[in-house]
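Working notes, beginning with the structure itself.
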Amino acid sequence: MARTPTIGGNWKMNLDFDEAMELASGLRNRLGSHRGAESIIFPSFPYLRPVSQRLRDSAIAVGAQDLHTEASGAFTSGVTGTMIRSVGCTHVLIGHSERRTVFGDDDALVAKKLSVALTAGLIPVLCIGETLSEKEANQTFSVLARQLDTALRAHTPEALSTLICAYEPVWAIGTGLTATPEQAQEVHAWVRSHVRGLLGPTFAEQLRIQYGGSVKPANAAGLMSQPDIDGALVGGASLKAESFAEIVRAAR
Ligand code: PGA
């Protein structure tokens, strides 16, 4: 079956307010009515509301980079899924490798964040991926299995129907090293077959799996032409409207 490609732009902790608004406008001009692939951008929390407003009625969706697991209360600096929804967002990143490695989000916390995102009615983009040392120790598939099992096993296929998965080898993020299209395809096919075992063939066939890690205009088409690669999660190259737009246009 045909899966609509989905391209995420993870702005991470970059851009001042004026730059963020300029980027949003540049994306609106280039992709505001683009229908071939889905685009979602993930600005920093303070910009979610104004960026959502600037992109209102466009083809570009807006999401948050993280959320807190509690619904309210004394959790200084926490941001809930309901808050994120209330400022015009539809999506949220869950378990990005920088959350896992820099902030210490473990598999159990990632699983809880996925649950609260679903409860809040947000579309989760669940990020998984192995580090360089795990890859070198031939642990890629066992790490991915653990990350997928912990996050997904509590849920039915119906509850997860909006899920997007992002495979991001940690050694390829921000390093300029990309998996080759063939290497990435091998892992994506493995992820889909593992998900088939967890949630069934219909779910696995429909699941969109983005590739992430140094995706740029020059390598996007090659990666996304692979049968199990359904888009990209883009960091650095999403900070320029033209390069992000080129990656979205490269998705067929
Ligand atoms: P990168 O980041 O494109 O800068 O490697 C990807 C990501 O972290 O999602």
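Reckoned from all heavy atoms, side chains included, excluding hydrogens, waters and symmetry mates.
Atom CZ in Arg208 sits 5.0 Å away from atom OG1 in Thr6 (nearest 0.5 Å). Distance check, rounded to the nearest 0.5 Å: CG of Asn10 to CD1 of Ile41 gives 11.0 Å. To the nearest 0.5 Å, the span separating CG on Leu23 from CG on Asp18 amounts to 12.5 Å. With rounding to the nearest 0.5 Å, the separation of SG in Cys89 from CD in Gln65 is 10.5 Å. Put simply, CD1 on Ile94 and CG on Leu109 are 9.5 Å apart, with the number rounded to the nearest 0.5 Å. Within the model, atoms CD1 of Ile7 and OG of Ser39 stand 7.5 Å from one another, a figure rounded to the nearest 0.5 Å.
Looking at His34 and Val248, their side chains come closer than 4.5 Å, going by heavy atoms from C-beta outward. Contact check for Ile247 versus Met224: side-chain heavy atoms found under the 4.5 Å cut-off. Ser214 places a side-chain heavy atom less than 4.5 Å from the side chain of Thr175. Side-chain contact between Val92 and Phe42 is absent, with no heavy atoms from C-beta onward closer than 4.5 Å. Side-chain contact between Phe141 and Val187 is present, with at least one heavy-atom pair separated by less than 4.5 Å. Under the 4.5 Å side-chain criterion, counting only non-hydrogen atoms from C-beta, Thr90 is not in contact with Val62. At least one side-chain heavy atom of Ile128 sits under 4.5 Å from a side-chain heavy atom of Leu148.
Judged as a side-chain hydrogen bond (donor to acceptor under 3.5 Å, both in side chains), the pairs with a partner in residues 221-237 (not counting sequence neighbours) are, in order, Arg3-Asp230, Gln185-Asp228, Arg192-Asp228, Arg192-Asp230. Residue pairs satisfying the ring pair (Phe, Tyr, Trp, His ring centres under 6.0 Å) criterion with at least one member in residues 61-101, sequence neighbours excluded, are listed as follows: His68-Phe75. Sorted by first and then second residue, the side-chain hydrogen bond (donor to acceptor under 3.5 Å, both in side chains) pairs with a member in residues 114-136 read Ser115-His155, Glu130-Tyr167, Glu130-Trp171, Thr131-Ser133, Thr131-Glu134; sequence neighbours excluded. Applying the side-chain hydrogen bond (donor to acceptor under 3.5 Å, both in side chains) test to pairs two or more places apart or on separate chains, those with a residue in residues 47-61 are Ser25-Arg54.
The hydrophobic cluster containing Leu67 also contains Val87, counting ILVMFWY residues as joined when their side-chain heavy atoms lie under 4.5 angstrom apart, directly or transitively. A chain of hydrophobic side-chain contacts below 4.5 Å, direct or via other Ile, Leu, Val, Met, Phe, Trp or Tyr residues, connects Trp190 to Leu126. Under a hydrophobic-cluster definition in which Ile, Leu, Val, Met, Phe, Trp and Tyr are linked whenever side-chain heavy atoms come within less than 4.5 Å, directly or via other members, Ile164 and Phe203 are assigned to different clusters.
Surrounding CD of Glu22 are at most 12 heavy atoms belonging to other residues, nucleotides or ligands under 6.0 Å away.
A pairwise comparison of heavy atoms in Ala172 and Tyr211 identifies CB-OH, 3.7 Å as the closest pair.
Checked against salt bridge (charged side-chain N to carboxylate O under 4.0 Å, His left out), Glu98 has the following partners two or more places apart in sequence or in another chain: Lys12. Remark: Glu246 engages no residue in a salt bridge (charged side-chain N to carboxylate O under 4.0 Å, His left out) (not counting sequence neighbours).
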**Message:** If you apply the rule salt bridge (charged side-chain N to carboxylate O under 4.0 Å, His left out), what do you find for Arg100 with Asp106, and how did you get there?
**Reply:** CA-CA 6 Å; Arg100 294 178 190 260; Asp106 61 13; over 6 Å; no
